[in-house]
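As the structure is a prediction and not an experimental result, all values here were calculated from the model. The sequence lines fix the lettering, A, B, ..., with proteins before strands; numbering per chain opens at 1. These values consider heavy atoms only, across backbone and side chains, with no hydrogens, waters or symmetry-generated copies.
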Amino acid sequence: MGMRKGPWSAEEDHILISHIQTHGHANWRALPKQAGLLRCGKSCRLRWINYLRPDIKRGKFSEEEQDSILKLHQSLGNKWSTIAARLPGRTDNEVKNFWHTHLKKKVHNANISGYSYTLQLQEAQASDGNGLASPSIVFCDAKLEENIGNHGSCQISEEMEFWYNVFIKSGQK
DNA sequence: AATGTCTTCAACCGCCACCGA
DNA sequence: GTCGGTGGCGGTTGAAGACAT
């Protein structure tokens, strides 16, 4: 009762930061009362962890970070905190949001209208000096293969490049 | 310029696990 | 063993800005 909700003001941020810097955050539930904030402990904790912590890394996710999220999500599922723990400076909330707004679409598009495809390293490129090779496409659906063949550079070329970066460069097939 | 639609992301909610009494 | 308090997690929401018409 009497608790504030919604976006945090700059003043509230300042109060929370200075309180944690001088007293720490041993007890989140007691913290707002001690600091003089009209927020619940959970809200203070979330604000600190997701936004105010000094080691937060903000800004766009790098290609490497995106690759890591995809690979980790593939093996761990929606374990956002576990995934975030492997990305220094990133929070579970940030990773989760990025997944839902960017990566989920890419994964979805990779299975266009129910078509599935896989990437394979071309045998002939096995001798590639740096171990990298351009991806070839093995379509699981003959109709899609036919369509792609008919249209030359197709809509999924960007997707192919993306998955190439994710899987092929990391040595997966 | 006005209005509608879509996208993004900070914040909230409910649930669960853990811990000490 | 159980109970209450607390922290942490994942799913979801909604405000604000971006973009399209």
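- Here the shortest heavy-atom pairing between A/L87 and A/S68 reads CD2-CB, 3.8 Å.
- Using the six-membered ring where Trp is involved, A/W99 and A/W80 have ring planes that are tilted, between 30° and 60° apart.
- For A/K42 and C/dG7, a side-chain-to-base donor-acceptor distance below 3.5 Å is absent, hydrogens and geometry of angles not being considered.
- When every heavy atom of A/I49 is checked against every heavy atom of A/T91, the shortest pair comes out as O-CG2, 3.3 Å.
- Nucleic acid contact class of A/A26 (heavy atoms, under 4.0 Å, all strands): sugar-phosphate only.
- Computed from coordinates, the A/L46 CG to C/dT6 C1' distance equals 15 Å when rounded to whole Å.
- When rounded to the nearest whole Å, the span between CZ of A/R90 and C1' of C/dC9 equals 20 Å.
- In this structure, CZ of A/R45 is placed 5 Å from P of C/dG8, rounded to the nearest angstrom.
- If you check every strand for non-hydrogen atoms under 4.0 Å, A/K96 touches a base.
- Side-chain N/O atoms of A/R47 include one lying less than 4.0 angstrom from OP1 or OP2 on B/dA11.
- Spacing between atom OH of A/Y51 and atom P of B/dC9 amounts to 11 Å, rounded to whole angstrom units.
- Between the P atom of C/dG8 and the CH2 atom of A/W48 lies a distance of 14 Å, rounded to the nearest Å.
- Look at CG on A/N93: it is 15 Å from P on B/dT8, rounded to the nearest Å.
- Using a 4.0 Å heavy-atom cutoff across all strands shown, A/N97 reaches at least one base atom of the nucleic acid.
- Put simply, the side chain of A/N50 and the base of B/dA11 share no donor and acceptor less than 3.5 Å apart.
- As a whole-Å value, the separation of A/R4 CZ from B/dA11 P is 11 Å.
- The NE2 atom of A/H25 sits 8 Å away from the P atom of C/dG8 (whole-angstrom rounding).
- Nucleic acid contact class of A/G6 (heavy atoms, under 4.0 Å, all strands): sugar-phosphate only.
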